[in-house]
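Any value given below was found using the heavy atoms of this structure, including those in side chains, with hydrogens, waters and symmetry copies removed.
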Amino acid sequence: MNLPNIKDILKIVLEKLSVLKNNLSVMISIIIALVGILLFVPSQLLSRSLKKEVQQKSIDELANKLEDLKKNLVAPEYLEEVKNTVDSIAKDANTIELLSKQTTQRELLRYDIFNLDVNDPNRTVSQTVFTEFGREYCGRIDKFIGEHNANICPTSPEIETELKLSGIESMMQGGGRLMGRTYVERQSEENYQGIIADEICWKRAKKTFVYIDPMQISGYDFWSQYSYSSWIEDIENCWYSQLGYWVIEDVFDTIVAMNTGHESLVTAPVKRLMKINFSDGLSSSILGRTAVNPVKVYSDRPQYIRSNDEVPRETMTGRYSDEYYDVIHFKATFVISSKDVMRFIQQLCSEKEHKYIDKDKQTHTYKHNQITILDTSIKSVDMRIDEHDLYRYGDENVSEVELSCEYIFNVKGYDDIMPQSIKDMFGGE
């Protein structure tokens with residue numbers, strides 16, 4: 001619609017005013033109306049112009065945005081690919097968490113001990129549960145030794161007995177008693193005693209899978225001579241011994257993997273397991289001894305590495321026990337064929353299988369890989385010292401290898417069976 005020209009409107013108004021010049025009140029009213037019209041008309045013109053400009057800009061901007069969206073339009077098949085990738089990442093994350101939890105879901109030595117409530121007035125379990133646990137702990141180690149024909153070297157009394165049975169003492173000038181001195185120095189054609197003693201040692205080696213002295217395995221001495229201390233203390237002893245046994249089990253599995261296929265340790269890579277321990281002190285000690293009840297304290301039991309101890313322990317990995325993982329350290333010493341040391345270390349740290357029995361008595365096969373080597377000490381074996389005197393390791397070069405290791409546990413994997421006193425140590429969580 002076209003608006004009238006302003007000049008024409010003013011002309012008409014002025015003509016009418018000249019007619020009404022004698023009527024002042026009417027004239028004033030007309031002037032006021034005229035001013036209103038003059039204000040209204042430009043505002044309408046301005047509003048229409050502004051509206052047209054805004055509409056034009058909005059349309060242009062919208063067109064530009066649509067053009068940009070058109071250029072960046074994502075194909076449906078690409079969206080599907082991205083979705084699959086995100087789903088795969090989420091699935092991998094969940095799988096990794098589940099596998100980590102499964103590493104610590106392991107078979108227990110006993111299933112009737114860790115969830116016992118010490119404050120339950122209706123508790124019917126007696127102290128014999130600890131004796132039975134100790135019997136199982138030592139029994140598992142003895143079972144491995146028996147099944148795999150692991151032995152210790154002949155002892156001096158055993159060799160003396162063999163010599164008496166052979167009649168060699170009647171051939172010796174002045175007789176004499178064999179002690180712990182090396183027999184290697186006495187092996188000659190004139191020294192029949194040394195020759196026969198050496199043959200006795202070789203005979204033992206040739207029918208032995210690996211040398212193992214169970215008394216050198218942490219916890220064996222303690223549990224084989226166990227006497228009751230206190231309910232909480234002995235539940236904790238059982239708990240830490242269970243952790244330790246899982247470590248021992250991994251060491252045993254590593255030896256089997258390395259030596260399988262060899263007739264004896266004479267040709268096998270691993271000659272001897274010298275020691276497994278969880279502290280730098282003795283494996284056990286007698287404290288509070290009385291004539292009635294000597295109390296044996298398990299001082300070499302595993303212990304959690306914690307960052308909030310009064311004297312924080314430095315670790316090479318910087319790992320400490322927290323709400324996600326528990327950390328322990330251990331040392332193991334072996335005699336190994338020098339050429340197989342690195343292969344043994346790789347095998348020790350490799351993935352292993354284990355069984356897990358859930359609450360519904362269903363058995364599962366899971367995998368774990370929890371060992372990190374922190375430090376390695378390798379030295380040659382001196383056959384002249386008492387520690388190796390009666391052992392025979394074959395004809396190849398051997399090394400004494402001490403490994404300082406770290407072992408980690410996923411807290412969610414065993415949190416439901418952890419004794420309350422252990423949880424209280426971490427603030428009850």
Side-chain angles (χ1 to χ4, degrees), residues 138 140-156 158-159 180-184 197-221 244-245 247-278 282-283 300 330-349 371 373 375-405:
C138 296
R140 293 285 186 98
I141 295 174
D142 292 336
K143 180 180 179 182
F144 175 86
I145 290 174
E147 288 182 348
H148 293 89
N149 197 27
N151 290 306
I152 60 175
C153 69
T155 63
S156 293
E158 287 177 333
I159 294 177
R181 294 179 55 81
T182 176
Y183 294 102
V184 178
D198 184 58
E199 184 61 28
I200 293 171
C201 293
W202 275 107
K203 182 179 179 181
R204 175 69 59 85
K206 289 177 181 178
K207 66 177 184 180
T208 298
F209 183 74
V210 63
Y211 288 124
I212 295 179
D213 180 358
M215 298 299 288
Q216 297 302 316
I217 296 177
S218 177
Y220 189 93
D221 179 45
Y245 181 77
V247 173
I248 295 166
E249 199 171 45
D250 280 4
V251 172
F252 284 172
D253 289 345
T254 301
I255 293 173
V256 170
M258 293 290 292
N259 285 11
T260 296
H262 294 269
E263 291 184 0
S264 71
L265 65 85
V266 174
T267 59
V270 184
K271 314 294 184 179
R272 180 182 174 190
L273 170 59
M274 296 180 64
K275 182 183 296 185
I276 299 177
N277 62 296
F278 295 91
L282 299 175
S283 61
D300 184 42
F330 72 95
K331 287 185 178 181
T333 307
F334 310 86
V335 174
I336 304 173
S337 170
S338 298
K339 63 181 177 61
D340 292 307
V341 172
M342 291 307 300
R343 190 162 67 92
F344 176 84
I345 291 175
Q346 291 173 352
Q347 183 64 43
L348 181 65
C349 298
I371 296 177
I373 306 296
D375 187 36
T376 304
S377 174
I378 303 176
K379 64 181 181 180
S380 60
V381 173
D382 186 355
M383 297 299 298
R384 296 170 299 179
I385 63 176
D386 289 344
E387 193 170 30
H388 299 287
D389 184 26
L390 301 178
Y391 290 89
R392 298 295 179 265
Y393 302 127
D395 297 327
E396 56 189 350
N397 292 328
V398 295
S399 300
E400 183 178 317
V401 181
E402 182 184 76
L403 301 176
S404 297
C405 307

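- Legend: residues meeting side-chain contact (heavy atoms from CB on, under 4.5 Å) with Glu158, ordered by chain and number and at least two apart, are Pro154, Thr155, Arg204.
- Here Asp213 does not pair with Arg272 in a salt bridge; the nearest charged N to carboxylate O distance is not below 4.0 Å.
- A donor-acceptor contact closer than 3.5 angstrom links the side chains of Asn151 and Thr208.
- In this structure, the separation between CD1 on Ile141 and CD on Glu249 is 10.5 Å, given to the nearest 0.5 Å.
- Going from atom OH of Tyr245 over to atom CD1 of Ile276 covers 10.5 Å, rounded to the nearest 0.5 Å.
- Although no hydrogens or angles enter the test, the distance criterion places a donor-acceptor pair under 3.5 Å between the side chain of Asp300 and the main chain of Phe278.
- How far CZ of Phe334 is from CG of Leu403: 6.0 Å, rounded to the nearest 0.5 Å.
- The distance from atom CZ of Arg384 to atom CG of Asp389, rounded to the nearest 0.5 Å, is 11.5 Å.
- Of the inter-residue distances, the one linking Glu402 atom CD with Lys331 atom NZ reads 5.0 Å to the nearest 0.5 angstrom.
- Between Pro269 and Phe344, every side-chain heavy-atom pair lies at or beyond the 4.5 Å cut-off.
- Heavy-atom contacts from other residues, nucleotides or ligands closer than 6.0 Å to CG of Asp375 number more than 12.
- Shown here for Met274 and Gln216, the closest heavy-atom pair between the two residues is O-CB, 3.2 Å.
- The minimum heavy-atom distance linking Asp250 with Thr254 is given by the pair O-OG1, 2.8 Å.
- Qualifying ring pair (Phe, Tyr, Trp, His ring centres under 6.0 Å) partners for Phe252, counting only residues two or more places apart in sequence or in other chains: Phe144.
- Contact of the Ile212 side chain with the Ile217 side chain is registered, since non-hydrogen atoms from C-beta on lie closer than 4.5 Å.
- Residues Ser156 and Leu390 form a side-chain contact, since some pair of their non-hydrogen atoms from C-beta on lies under 4.5 Å apart.
- Between the side chain of Tyr393 and the backbone N or O of Ser337, no donor-acceptor pair lies under 3.5 Å.
- Under the 30°/60° scheme for interplanar angles, the aromatic rings of Tyr391 and His388 are found to stand perpendicular.
- For the pair Lys206 and Ser264, the tightest heavy-atom approach, listed with the atom from each and the gap, is O-CB, 3.2 Å.
- Panel note: side chain Ser399, backbone Val401; no donor-acceptor pair is recorded below 3.5 Å.
- Ile373 has its side chain within reach of Leu348: a pair of non-hydrogen atoms, C-beta onward, lies under 4.5 Å apart.
- Side-chain contact between Arg392 and Val266 is absent, with no heavy-atom pair separated by less than 4.5 Å.
- Ring orientation note: the planes of Phe209 and His148 are tilted relative to one another, at an angle of 30° to 60°.
- Side-chain contact between Cys201 and Ile159 is present, with at least one heavy-atom pair separated by less than 4.5 Å.
- Considering CG of Asp253 and CD1 of Ile248, their distance stands at 12.0 Å, rounded to 0.5 Å.
- Without hydrogens or angle criteria, Lys271 side chain to Leu265 main chain gives a donor-acceptor distance under 3.5 Å.
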